[in-house]
Protein chains: 2
Amino acid sequence: MLKLSKRTEYAIMAARYLALKNSGNCVTAKEIAEDYQIPYQFVAKVLQDFARTEMVSSIQGSKGGYVLNRLPEEISLIDIISTVEENHQLTECMQEDANKTSCEHIDCCKIRDPLIEVQRKIDSLFAQTSLKQIL
Amino acid sequence: MLKLSKRTEYAIMAARYLALKNSGNCVTAKEIAEDYQIPYQFVAKVLQDFARTEMVSSIQGSKGGYVLNRLPEEISLIDIISTVEENHQLTECMQEDANKTSCEHIDCCKIRDPLIEVQRKIDSLFAQTSLKQIL
DNA sequence: TTCAAATAAGACTAAATTAGTCGTATATCA
DNA sequence: TGATATACGACTAATTTAGTCTTATTTGAA
Ligand code: SF4
Ligand code: SF4
């Protein structure tokens, strides 16, 4: 538990690569996969997620690839994590509007509120860590 | 990812229960399981883990159960998590002595050092949160 | 206009982890 | 000696993660 998925690790690597090579023309998923020895299809999907949230622009076709849209100091770990992981929270019940569908214990659970506070602190930690610090 | 396991949630609940009922005689796993509507066998194992690290004392036999050995303010979330989860880290490579067996990319990985720093901060966050704050 | 190289995306499979159960042994009190 | 409790390993089922396959589409250049 509390482990980052490979998906997230690859996402951080890819974002870092884009930030470093952002001088001029775009970068392909293949290039990143080969450079870091990580599965091509996997990293490609992560980049597609980035494109969907407009963190990067994707250019289709031959000579295509990806370009970072924002400055490394304007991208935080929480941006990266939340685009590639649909649920990056400590428990199923962390959202304000969580209900019994999220967790059957929600009505009597006494540890939820303290955990929400811990979650807030962790999120703030990730928000404070920018891509620039990882270059 | 980054989700606490049910094992950890039950552990926090059980520790909290012990801290609240620590007035006098001991508390059984059955009592905790029934009170929180969580699986008996599961919470029993968590309590056995606690006993192994001497966070609680276990009393066998009839009229047996568990008693907290330390004050709630002397028990932190990191104590609880590290006793019930053998590996609570962000990646497989967080230990100082990690090698290629941990992760094949370890020699060329550029995100490891920044992640170790994030890990340090998360651990410190858990260390600063005491059981007393969760009562 | 056709080929090569690239993104886009959904379906699928395999491996690993998590959650929970079962069975049996042991200890202790009444 | 029986009831009640911990101790603990083995097992199973469910879920999640990691990775692959396939097909479609876009675009630049020969
Ligand atoms: S309500 Fe309590 S038991 Fe349920 S997911 Fe939230 S913290 Fe965990
Ligand atoms: S070495 Fe890098 S890729 Fe491997 S587990 Fe550590 S952070 Fe992840």
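Throughout, protein chains are lettered first and strands after them, A, B, ... in sequence-line order, and every chain is numbered starting at 1.
For the pair S58(B) and dA7(D), the criterion of a side-chain N or O lying under 4.0 Å from OP1 or OP2 is met. An OP1 or OP2 oxygen of dT4(D) is reached within less than 4.0 angstrom by no side-chain nitrogen or oxygen of Y40(B). At the phosphate of dT4(D), neither OP1 nor OP2 sits under 4.0 Å from any side-chain N or O atom of T28(B).
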Residue pair E34(A), Y40(A): steps toward the side chain to side chain donor-acceptor pair (under 3.5 Å) verdict: CA-CA 8 Å; E34(A) 283 173 357; Y40(A) 163 70; over 6 Å; no
Audit row: Q37(A), E104(B), side-chain contact (heavy atoms from CB on, under 4.5 Å) steps and yes/no: CA-CA 9 Å; Q37(A) 294 275 82; E104(B) 48 178 335; over 6 Å; no
query: Going through the distances and angles, do I78(A) and H88(A) end up as a side-chain contact (heavy atoms from CB on, under 4.5 Å)?
result: CA-CA 9 Å; I78(A) 199 80; H88(A) 71 280; 3.6 Å; yes
query: Yes or no on side-chain contact (heavy atoms from CB on, under 4.5 Å) for Y17(B) and M13(B), after CA distance, side-chain angles and deciding distance?
result: CA-CA 6 Å; Y17(B) 194 93; M13(B) 288 179 181; over 6 Å; no
Test salt bridge (Lys or Arg N to Asp or Glu O under 4.0 Å) applied to E74(B) and K132(B), step by step: CA-CA 8 Å; E74(B) 290 167 345; K132(B) 195 181 182 184; over 6 Å; no
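Take the nearest nucleotide of DNA chain C for Y10(B) and for G64(A): the residue whose nucleotide is more 5' is G64(A).
What separates NZ of K6(A) from P of dT20(D) is a distance of 13 Å, to the nearest Å. For the pair L2(A) CG and dT16(D) P, the computed distance is 17 Å after rounding to whole Å. Rounding to whole angstrom units, CZ of residue R7(A) and P of dT17(D) are separated by 10 Å. Taking atom CG on L4(A) and atom C1' on dT17(C), their separation rounds to 16 Å, with Å as the unit.
Of all heavy-atom pairs between C93(B) and A98(B), the closest is O-CB, 3.6 Å. Listed here is the closest heavy atom pair of L18(B) and Y66(B): CD2-O, 3.5 Å.
For the pair R16(A) (side chain) and I134(A) (backbone), a donor-acceptor distance under 3.5 Å is present. Side chain of R7(B) to backbone of V84(B): a donor-acceptor contact under 3.5 angstrom is found.
Contact check of residues 29-39 of chain B against DNA chain C (heavy atom, cut-off under 4.0 Å) returns P39(B). Near-neighbour residues of DNA chain C inside residues 81-95 of chain A, defined by a heavy atom below 4.0 Å, are absent. Residues from residues 41-54 of chain B placing a heavy atom under 4.0 Å of any atom in DNA chain C, listed by number, are Q41(B), F42(B), K45(B). Proximity of residues 98-115 of chain B to DNA chain C (heavy atom under 4.0 angstrom from any strand atom) is not detected for any residue.
Under the 4.5 Å side-chain criterion, counting only non-hydrogen atoms from C-beta, D79(A) is in contact with M55(A).
Residues S57(A) and N69(A) have side chains that bring a donor and an acceptor to within less than 3.5 angstrom of each other. Using modelled atom types, one finds no donor on one side chain facing an acceptor on the other under 3.5 Å when comparing E9(B) with S5(B). Side chains of Q128(B) and S76(B): a donor-acceptor N/O pair is absent below 3.5 angstrom, by distance only. A donor-acceptor pair shorter than 3.5 Å cannot be found between the side chains of Q95(A) and S102(A).
Remark: Q48(B) engages no residue in a side chain to side chain donor-acceptor pair (under 3.5 Å) (not counting sequence neighbours).
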message: Counting primed atoms plus P, OP1 and OP2 as sugar-phosphate and everything else as base, spell out the protein contacts along nucleotides 25-30 of chain D at 4.0 Å heavy-atom distance: B, S or - for each nucleotide, 5' to 3'.
response: -BBS--
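In this structure, CD on Q133(B) lies 13.5 Å from CG on D113(A), to the nearest 0.5 angstrom.
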